[in-house]
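No experiment lies behind these values; they were computed from the predicted model shown. Residue numbers start at 1 and run along the sequence shown. Note that ligands are numbered from 1 as they come in the structure, with each ligand's atoms numbered from 1 the same way.
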Amino acid sequence: MMGQTDPIATEPIAVVTTGGTLDKVYFDALSTYQVGESVVARLLAVAAVTHPVEIVEFSRKDSLDMTDEDRARLRERIAGMAARKIVVTHGTDTMTETAAALVGLGDKTIVLTGALSPARFSESDAPFNLGMAFGVVQTSPPGVYIVMNGTVFAGNSVRKDRMLGRFVRITG
Ligand code: GLU
């Protein structure tokens, strides 16, 4: 194929894990779902990903427990990273708040994604969402994006619709 270049093929990607259902583990009937060790490394290994990637565990929180202080620390952490391509795994309930807190970080492309059902479940949306985020972060210009339900949203133009169980674009 003529004229096609591949300038971003080796640009390293940082995956910052914050928790959320993507990483949840079920214990037993007496307990609730807890955020466990991140499944991100396993999902990338299953997909035989060879792209240079660094996985950084930031927290293991349900996103309802993320505070403004957590978001400020996350912003600082990402600002200090050499990587310009960053995927953030995050609970869906407050993903948009964190997206807003990450706006304005210069030349970084930041893609937030998560899952509505744990990656440890066979019918989880986690592998699809992480895979899509991994692709979008490589090809999108700097900015903050949310990748959920097969759609790339600008970080500030989306909300989670709990009734529908998916993310929808904010219109008007
Ligand atoms: N409360 C959960 C959270 O936002 C909702 C499910 C999910 O992780 O997406 O962390």
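Using modelled atom types, one finds a donor on one side chain and an acceptor on the other under 3.5 Å when comparing T94 with R71.
Proximity of I55 to L44: side-chain heavy atoms (C-beta onward) are separated by under 4.5 Å at one or more points. The side-chain heavy atoms of V15 and F134, taken from C-beta on, include a pair separated by under 4.5 Å. A heavy-atom distance below 4.5 Å is not found between the side chains of M132 and M148.
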Q: Decide yes or no on side-chain contact (heavy atoms from CB on, under 4.5 Å) for I13 and H51, but give the supporting numbers first.
A: CA-CA 8 Å; I13 295 172; H51 193 99; 3.7 Å; yes
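When heavy-atom distances to ligand 1 are checked against 4.0 Å, the residues falling inside are G20, T21, D62, S63, L64, G91, T92, D93, A115, ordered by chain and number.
Within 6.0 Å of atom CZ in R73, more than 12 heavy atoms from other residues, nucleotides or ligands are found, so the atom counts as buried in its surroundings.
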